[in-house]
Protein chains: 2
Amino acid sequence: MPSTPLRADARRNRARLLDAAREVFAEAGLDASLEEIARRAGVRVGTLYHHFGNRTALVDAAIAPRVEAWVERVEEALAHPDPWEGLVEHLTLLAEWQTADRGFTEVCVRTLPADSATERAKARGHACYAELIARAQAAGALRPDVSPADVGLLVWAAVRATEGVRALAPDAWRRHLGVLLDGLRADRATPLPGGALDPATVRAAMTFP
Amino acid sequence: MPSTPLRADARRNRARLLDAAREVFAEAGLDASLEEIARRAGVRVGTLYHHFGNRTALVDAAIAPRVEAWVERVEEALAHPDPWEGLVEHLTLLAEWQTADRGFTEVCVRTLPADSATERAKARGHACYAELIARAQAAGALRPDVSPADVGLLVWAAVRATEGVRALAPDAWRRHLGVLLDGLRADRATPLPGGALDPATVRAAMTFP
DNA sequence: GCGGAACTTGAGGGCTACCTCAAGTAGTAC
DNA sequence: GTACTACTTGAGGTAGCCCTCAAGTTCCGC
């Protein structure tokens with residue numbers, strides 16, 4: 001894990017490793033083979049470890065920018081004039097991104113070390129996202145008995161569920177999201193059992209290796 | 001894979017292997033380590049292979065009875081006087097079982113060889129289950145624009161989504177199922193994008209190794 | 001209580017993955 | 001153009017998994 005300005009070849013290899021990592025994580029998730037990433041970057045695995053030290057560091061470096069891009073989108077969603085529309089558009093975007101990138105999908109429900117760039121970005125995003133939910137509830141559009149974690153997990157579930165049929169029915173997730181959104185509207189709600197999932201529970205449950 | 005009447009010790013070991021397999025598959029899914037299963041049965045892995053030949057045969061022998069039990073329950077659900085109530089109770093049961101048994105969960109969305117006991121049971125169950133769905137739709141309770149596969153995947157998704165928080169919030173799946181069921185009710189459903197998932201698509205997408 | 005078949009074992013070959021490190025290679029600063 | 005050293009490599013140790021098979025052990029019918 002060098003810190004002084006990198007040599008030209010090293011800089012090139014580092015960039016290639018990050019590109020390969022993003023590709024492979026997107027296809028195979030965060031537990032994908034590091035050997036495969038090195039292979040795709042045209043480099044030996046020793047080089048990968050020279051740059052990143054361990055899997056977690058590589059995941060963080062590869063995924064953080066993606067999470068940061070997501071944070072920007074949550075912020076934009078908050079600016080939408082209609083609270084319900086803003087929420088729906090954002091959840092759809094989230095599902096779209098998750099469909100296209102398994103690494104991103106997994107990072108949404110797993111926790112990296114607290115001092116990682118990814119987790120710092122997520123913390124910012126979560127604050128906005130909670131506001132997005134609260135705003136839709138305050139407007140009377142979103143049922144009041146769900147937490148941000150509930151909604152997030154539901155979207156994640158719709159994506160996961162349709163993963164298997166993706167090759168044959170690439171837009172199946174849109175249907176499932178449609179059913180969910182109907183279930184989330186305040187004007188159709190029947191009372192839910194138990195209490196809403198709180199962030200602490202969710203966080204405690206989802207820590208990376 | 002012997003066929004003549006088994007010797008006493010062999011019968012005992014076979015039973016132990018099946019018990020261990022059910023336990024391990026329930027905890028870790030159908031890709032669990034066969035070495036671990038042999039270990040837990042107090043037997044070497046060679047014995048496991050002597051009895052079952054390969055992983056698929058063991059999965060089939062271990063899981064088929066569970067699927068057959070499920071089929072009985074679908075048949076019972078069809079006898080429920082209220083189509084919607086019958087469906088809801090059955091989906092709840094299905095989710096309960098999936099929560100308790102990861103092997104069962106996976107066998108719901110993966111396909112074993114067509115001549116396996118498991119697949120033969122599933123075929124019977126699916127026929128009843130499709131009728132259960134159709135009946136609820138005919139009664140005007142279930143939205144007409146979802147297929148049996150859609151509903152099955154949605155339930156599966158609710159279970160999967162809450163897997164991570166199970167230790168801390170064991171009943172989280174009930175809330176998610178609640179949201180789904182609200183989304184599945186026919187009254188005030190908003191139209192879904194795309195067409196319903198058909199069984200052929202789902203089957204083609206989900207074939208075991 | 002013995003012979004032979006049924007069963008189990010232990011060892012092992014092949015694979016993939018993780019991660020390490022001494023030794024060699026090649027940018028870069030001068 | 002040389003010398004320094006950051007960087008890369010190749011080889012390798014560990015570990016887990018899959019599955020096979022010859023040799024040894026245990027049951028069971030007679």
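The chains referred to below are lettered A, B, ... by the order of the sequence lines, with proteins before strands, and numbering in each begins at 1.
Phosphate contact (OP1/OP2 of D:dC19, side-chain N/O of B:Asn54, threshold under 4.0 Å): absent. A sub-4.0 Å separation between OP1 or OP2 of C:dT20 and a side-chain N or O of A:His50 is absent. Considering only side-chain N and O atoms, A:Thr47 lies nowhere under 4.0 angstrom from the phosphate OP1 or OP2 of D:dC7. Dashed line: the shortest gap from a side-chain N or O of A:Tyr49 to OP1 or OP2 of C:dC19 is under 4.0 Å.
Of the candidate nucleotides D:dC19, C:dC18, C:dC7, C:dC7 has the atom lying nearest to any side-chain atom of B:Arg7. Closest contact between the side chain of A:Arg55 and the listed nucleotides D:dC19, C:dT28, C:dC18 involves C:dC18. Listed nucleotides C:dC7, D:dC7, D:dC18 differ in distance to B:Glu35; the shortest reach to its side chain belongs to D:dC18.
At whole-Å resolution of the value, CG in B:Leu6 and P in D:dT26 are 19 Å apart. Rounded to whole Å, the distance from CG on A:Leu34 to P on C:dC18 is 4 Å. Residue A:Arg11 contributes atom CZ, which lies 12 Å from atom P of D:dT8 at whole-angstrom precision. Atom CG in B:Leu58 sits roughly 14 Å away from atom C1' in D:dC19 (whole-Å rounding). We find that CG of B:Leu48 is positioned 13 Å from C1' of D:dC17, with the value rounded to whole Å. Remark: C1' of D:dC18 and CD of B:Glu36 are 15 Å apart, rounded to the nearest angstrom. Distance CZ (A:Arg12) to P (D:dC7): 13 Å, rounded to an integer number of Å.
By the salt bridge (Lys or Arg N to Asp or Glu O under 4.0 Å) test, B:Arg160 pairs with B:Glu163, sequence neighbours left out. B:Glu119 meets the salt bridge (Lys or Arg N to Asp or Glu O under 4.0 Å) test with B:Lys122; sequence neighbours excluded. Residues satisfying the side chain to side chain contact (heavy atoms under 4.5 Å, CB included) test with B:Ala20, not counting sequence neighbours, are B:Ile37, B:Arg40, B:Ala41. Partners of B:Trp97 by ring-ring contact (aromatic ring centres under 6.0 Å, His included), not counting sequence neighbours, listed by chain and number: B:Phe104. With sequence neighbours excluded, no residue satisfies side-chain hydrogen bond (donor to acceptor under 3.5 Å, both in side chains) with A:Asp171.
Taken residue by residue, residues 37-46 of chain A places heavy atoms nearer than 4.0 Å to DNA chain D at A:Val43, A:Arg44, A:Gly46.
Heavy atoms of A:Ser33 sit under 4.0 angstrom from primed sugar atoms or phosphate atoms, though from no base atom.
Each of A:Asp60, A:Thr111, A:Thr56 was checked for a side chain to side chain donor-acceptor pair (under 3.5 Å) with A:Thr118, and the lone residue meeting it is A:Asp60.
Residue order along DNA chain D, read from the 5' end via each residue's closest nucleotide, puts A:Asp9 first among A:Asp9 and B:Asp9.
If you check the side chains of A:His176 and B:Asp150, you find a donor sitting under 3.5 Å from an acceptor.
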